[in-house]
Amino acid sequence: MSTRTNFTATAAHYDSLESHEADRLRLHPMERALTLDTIATHIGLSDVTAESDFSTPEHIKVADIGGATGVHAFALLDLAASRKVQAEIHLRDLAPKLVQRAQSEQDRRQAADPSLPTLASLGVGSALDPSVFPNEARETFDALTLDLLKPKDSGGPRPVLFAAFISRAAHLRDIAVRNPARLAQVDEAAFYTQYLTDGRYLKLGPTANDYRSSHHVGTPAEVHQLVEEAGGKVVELLGVEGILGGGLDSKLVDADEDILQAWVRVMRGLARDERNLGAADHWLAVIEKA
């Protein structure tokens, strides 16, 4: 069996989790807020930009691949507008129901306030139309790294790729809460021996073509190797829950924005300390072309 993910099965899986995915980032506020804070910093839209080497651009162009319901895409639109930066943001996701949710949110925003900025395009798929991003990726991380990142001497804004990873620690925390007996099951022993070694997570369906394959990372070295083999380099790697993985940020779900941002300021440093990566469920790699 090929190890390449069956995109049809993946799309069907996320469509089946439509309501969960639509609410997931609301229920994980630190992941949402720290991811946006990191992206904003590296593209010149953050409050800390003035204290860093990043300058505020006049225009940004963003491909949000796997953008789901558009939580980050709409947040970036509004953040850019608040900084008087022109933003061209394109959203793609494999799951049609999630893209429909994003379109509904765009329609709702426009009905409420026609002056609000809109996404340049929304669509179902794993890639963008070549007319939007020439030579843009079709399926692989390699192509994303090599084709979306222009050479450094090409002029224009500094191109950067943000790649999200699920940690193996996140999966272990999840089954510890939902099904702790799973690790003791004889029929799972071979799976976990392999999984804890290489991070390959294969979900089999009723037929040979009905499967989803993913990869969960366990060490920073794995991320660096993957990126370097694809022709990129990791500028920084952080755990986007900081030290609040496993749902420890649940009390921040309904917190006022000033309280959430106070926690973001504390987590910025803790999230970037590699000793704390195991405490986060999701890692974010900031990548440039090597």
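Because only heavy atoms are used, hydrogens play no part in the values below, and waters and symmetry mates are left out as well, while side chains stay in.
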| task | Treat each ILVMFWY residue as a node, draw an edge where side-chain heavy atoms are under 4.5 Å apart, and state whether I43 and V71 are in one component. | result | no
| query | Can you check side chain to side chain donor-acceptor pair (under 3.5 Å) on E229 and Q225, steps first, answer last? | reply | CA-CA 6 Å; E229 288 176 352; Q225 181 179 354; 3.0 Å; yes
| Looking at side-chain heavy atoms only, is the closest gap between R268 and T41 below 4.5 Å? | no
| task | Specify the closest pair of heavy atoms between P96 and V124, including all atoms of both residues, with the distance to one decimal. | result | CA-CG2, 3.8 Å
| Test item: S46 side-chain N/O and H42 main-chain N/O as donor-acceptor pair under 3.5 Å | no
| request: Output the distance between atom NE2 (H59) and atom CD (E88), rounded to the nearest 0.5 Å. | output: 4.5 Å
| request: Compare every heavy atom of L36 with every heavy atom of A75, then report the nearest pair and how far apart it is. | output: CB-CD2, 3.6 Å
| When you measure from the side chain of R109 to the backbone N and O of P117, does any donor-acceptor pair fall under 3.5 Å? | yes
| query | How far apart are the closest heavy atoms of Y14 and A95, and which atoms are they? | reply | CB-CB, 3.9 Å
| Shared hydrophobic cluster for V264 and L248 (ILVMFWY, side-chain gaps under 4.5 Å) | yes
| request: Write down the atom of T193, the atom of T197, and the distance for their closest heavy-atom approach. | output: O-OG1, 2.9 Å
| query | Does the side chain of H215 come within less than 4.5 Å of E222's, by heavy atoms? | reply | yes
| Minimum heavy-atom distance R178-P180, with the two atoms named | C-CD, 3.8 Å
| Going by the angle between their ring planes, with limits at 30° and 60°, are F191 and Y201 parallel, tilted or perpendicular? | perpendicular
| query | So do the side chains of L77 and L116 get within less than 4.5 Å of each other, counting heavy atoms only? | reply | no
| task | Report yes or no: does N276 contribute a side-chain atom to a donor-acceptor pair with the main-chain N or O of A271 at less than 3.5 Å? | result | no
| query | Heavy atoms, side chains only, cut-off 4.5 Å: are R24 and L17 in contact? | reply | no
| field | L25 backbone acceptor or donor facing R32 side chain under 3.5 Å | value | yes
| field | Trace of the side chain to side chain contact (heavy atoms under 4.5 Å, CB included) decision for I60 with L45 | value | CA-CA 10 Å; I60 59 171; L45 298 181; 3.9 Å; yes
| query | Got a donor-acceptor contact below 3.5 angstrom from the S167 side chain to the A280 backbone? | reply | yes
| query | Checking ring pair (Phe, Tyr, Trp, His ring centres under 6.0 Å) against H216, which of Y192, F165, Y195 comes through? | reply | Y195
| Validation row: V160, V235 side chains within 4.5 angstrom (heavy atoms) | no
| How long is the span from the OG1 atom in T35 to the CG atom in L238, to the nearest 0.5 Å? | 7.5 Å
| note | d(I243 CD1, M30 CE) to nearest 0.5 Å is 9.5 Å
| query | Does some side-chain heavy atom of L76 sit less than 4.5 Å from a side-chain heavy atom of D64? | reply | no
| said: Looking at Q106 and L119, would you say the former's side chain and the latter's main chain have a donor-acceptor pair under 3.5 Å? | reply: yes
| Do the charged groups of D273 and R275 touch, with an N to O distance under 4.0 Å? | yes
| field | Interatomic distance, Q100 atom CD to D93 atom CG [nearest 0.5 angstrom] | value | 11.5 Å
| In Å, rounded to the nearest 0.5 Å, how long is the span from CG of D37 to CZ of R265? | 10.0 Å
| Side-chain contact, heavy-atom cut-off 4.5 Å: L244 with W263? | yes
| task | Might you work through the side chain to side chain contact (heavy atoms under 4.5 Å, CB included) test for I39 and V62, ending with a clear yes or no? | result | CA-CA 11 Å; I39 294 172; V62 177; over 6 Å; no
| For the student: nearest non-hydrogen atoms of V227 and K233, plus distance | CG1-N, 3.6 Å
| Within a strict 4.5 Å, meaning less than it, do heavy atoms of the V253 and R26 side chains meet? | yes
| message | As a quick check of understanding, evaluate side chain to side chain contact (heavy atoms under 4.5 Å, CB included) for Q185 and N179, giving each step before the final call. | response | CA-CA 11 Å; Q185 294 172 1; N179 183 15; 4.2 Å; yes
| field | E288 CD to L161 CG distance, which is reported to the nearest 0.5 Å | value | 10.5 Å
| said: Counting neighbours of CD on E58 that are heavy atoms of other residues, nucleotides or ligands and sit closer than 6.0 Å, is the number greater than 12? | reply: no
| message | Can a donor-acceptor pair be found, under 3.5 Å and without considering hydrogens, that links the side chain of R83 to the backbone of L79? | response | no
| message | Regarding E21 and K97, does a basic nitrogen lie under 4.0 Å from an acidic carboxylate oxygen? | response | no
| Can you list the steps and then say if H171 with I166 is a side chain to side chain contact (heavy atoms under 4.5 Å, CB included)? | CA-CA 8 Å; H171 173 67; I166 299 174; 5.8 Å; no
| query | Is V286 linked to M267 within one hydrophobic cluster, defined over Ile, Leu, Val, Met, Phe, Trp and Tyr using a side-chain heavy-atom separation of less than 4.5 Å? | reply | yes
| task | Would you tell me whether R92 and S121 have side-chain atoms, one donor and one acceptor, within less than 3.5 Å of each other? | result | yes
